[in-house]
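Single-structure report; data block below.
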Amino acid sequence: MAKMNFGGVEENVVTREEFPLEKAREILKNETIAIIGYGVQGPGQALNLRDNGFNVIIGQRSPSISYDKAIEDGFVPGETLFSIEEAAERGTIIQYLLSDAAQIALWPTLKPYLTPGKALYFSHGFAITYKERTNIIPPADVDVILAAPKGSGTSLRRLFLAGKGLNSSFAIHQDATGNARDRVIALGIGIGSGYLFETNFKKEVYSDLTGERGTLMGAIQGLFAAQYDLLRSKGHSPSEAFNETVEEATESLYPLVAENGMDWMYANCSTTAQRGALDWWKKFRDATKPVFEELYESVATGNEAQLSIDSNSKSDYRVKLEEELKELRESEMWQAGRVVRSLRPSEDK
């Protein structure tokens, strides 16, 4: 494990150079990795592990859309695709990749298959951190580990196929076998991580819930909507408002930030844009910081977890979710976005 300097602070990270794929394969050569759940993270992690030469099986309810998708992806019923119970029994490493609400519901079914020496793997610290609310308490004689890609399963797979990687955090909650560290790092390399940085289950879920509600999804949609609505109220057309709010950000400027950082993006914009950005960014920071403080407190107290559990456990959750997504989808801003995307030049135009 290497020490890396991040802005003057040292952190433990694991890279592919020091922990190559061959080493990961050797460590897990006698393991059967059972992926429980083939929804959001399941396909990306399962396919990357399989393509990297690991022994992977899927546990998924049938009939279901996810079961059919696993078959489409080349998993074979009775050979590499099983019921959840049979996959859990066969697996020596059980990757519990269902939604948080589904993990709670399935836990009484899964727990009997966690026999001594197995590993229980998560990609989110939710179930363990909020155990008083989830009632997910693993047996003492199994490893409890986490590798959390910093992005969607779709992105994990897409970057893997492009020969790249998506950074992941890793954590060890329980080391019953003495091999938990090797197991989790090997799995992190196997799923296609760019590099792995060390954390714990609580920090992972606190940062994750804050990020999803903040700059990754919630806050960015809020900022987009505020600017778009302002421009429209001042007489700007939907096309102009969308392009200046979203399209230029996602298609032009954010990729520059990803390449070399915010300062580099500023340096590659006009001097007028530079001046304005430098003058205004601290005002936005100061205006939004109280909201982030409120958000983090809600995460730390478990309020966000309980809201999620209560909402996602209701029988009409999917119906209400679709209603909320429809509101976004049919808003003028995102209808304008659909038109703008359709007008982007393609390679064959």
Side-chain angles (χ1 to χ4, degrees), residues 16 19 21-22 24-100 102-103 106 109-110 113-114 118-124 126-127 142-170 182-194 196:
R16 297 177 183 178
F19 205 106
L21 184 58
E22 293 73 18
R25 289 194 191 109
E26 179 63 25
I27 288 170
L28 301 181
K29 65 181 180 181
N30 296 320
E31 304 269 21
T32 298
I33 303 167
I35 309 285
I36 305 300
Y38 206 75
V40 178
Q41 277 289 335
Q45 294 199 31
L47 292 171
N48 290 1
L49 284 164
R50 186 182 69 182
D51 288 355
N52 272 333
F54 297 90
N55 182 23
V56 180
I57 62 174
I58 306 298
Q60 178 62 46
R61 294 284 185 220
S62 174
S64 69
I65 294 173
S66 295
Y67 189 90
D68 293 341
K69 182 177 184 340
I71 293 174
E72 290 174 11
D73 288 342
F75 292 98
V76 180
E79 295 181 14
T80 53
L81 176 59
F82 304 94
S83 68
I84 288 173
E85 292 83 354
E86 186 168 356
E89 183 175 16
R90 288 170 175 263
T92 58
I93 296 172
I94 298 175
Q95 294 196 189
Y96 207 26
L97 299 182
L98 296 166
S99 69
D100 296 321
Q103 286 183 10
L106 189 70
T109 300
L110 181 73
Y113 298 101
L114 295 173
K118 288 192 177 186
L120 178 62
Y121 166 111
F122 295 90
S123 282
H124 193 21
F126 191 101
V142 301
D143 293 341
V144 181
I145 54 181
L146 173 149
K150 297 299 103 179
S152 69
T154 300
S155 298
L156 182 72
R157 182 61 176 167
R158 185 178 296 152
L159 288 168
F160 176 86
L161 292 174
K164 302 177 182 179
L166 191 64
N167 302 332
S168 300
S169 60
F170 77 95
D182 278 349
R183 272 173 146 177
V184 70
I185 293 174
L187 288 163
I189 296 297
I191 64 174
S193 301
L196 295 147

Please name the pair of heavy atoms, one in [X] and one in [Y], separated by the smallest distance, quoted to 0.1 Å.
| X | Y | result |
| --- | --- | --- |
| S168 | P149 | OG-CA, 3.2 Å |
| S193 | G188 | OG-O, 2.8 Å |
| F19 | D182 | CZ-O, 4.2 Å |
| I145 | A119 | CD1-CB, 4.2 Å |
| L196 | S169 | CD2-O, 4.4 Å |
| A88 | I94 | O-CD1, 3.6 Å |

Nearest-0.5 Å distance, [atom1] of residue [X] to [atom2] of residue [Y]:
| X | Y | atom1 | atom2 | answer |
| --- | --- | --- | --- | --- |
| I191 | I33 | CD1 | CD1 | 10.0 Å |
| S99 | F126 | OG | CZ | 9.5 Å |
| I84 | S62 | CD1 | OG | 10.5 Å |
| N55 | R50 | CG | CZ | 12.0 Å |
| S83 | I58 | OG | CD1 | 13.0 Å |
| I36 | F82 | CD1 | CZ | 11.0 Å |

Between [Y] and [X], is there a side-chain heavy-atom distance shorter than 4.5 Å?
| X | Y | answer |
| --- | --- | --- |
| S64 | Y38 | no |
| L97 | F122 | no |
| F160 | L166 | no |
| L156 | Q41 | yes |
| F170 | L146 | no |
| I35 | I57 | no |
| D143 | V184 | no |
| F75 | V56 | yes |

Classify the side-chain pair N48/R157 by whether it contains a donor and acceptor separated by less than 3.5 Å. yes
Side-chain donor-acceptor contact under 3.5 Å, T92 with E31: yes
Expected output: side-chain [X] to main-chain [Y] donor-acceptor under 3.5 Å:
| X | Y | answer |
| --- | --- | --- |
| S123 | A147 | yes |
| Q60 | S66 | no |
| K118 | Y113 | yes |
| T80 | V76 | yes |
| Q103 | Y96 | yes |

Kindly indicate, with the supporting measurements, whether the criterion side chain to side chain contact (heavy atoms under 4.5 Å, CB included) is fulfilled by L21 and I189. CA-CA 6 Å; L21 184 58; I189 296 297; 4.2 Å; yes
So does R61 pair up with E85, basic N to acidic O under 4.0 Å? yes
Please determine whether salt bridge (charged side-chain N to carboxylate O under 4.0 Å, His left out) holds for the pair K69 and E72, giving the CA-CA distance in whole Å, both sets of side-chain angles, and the decisive distance to 0.1 Å. CA-CA 5 Å; K69 182 177 184 340; E72 290 174 11; over 6 Å; no
Geometric cation-pi criterion R183 and Y121, 6.0 Å radius, 45° cone: no
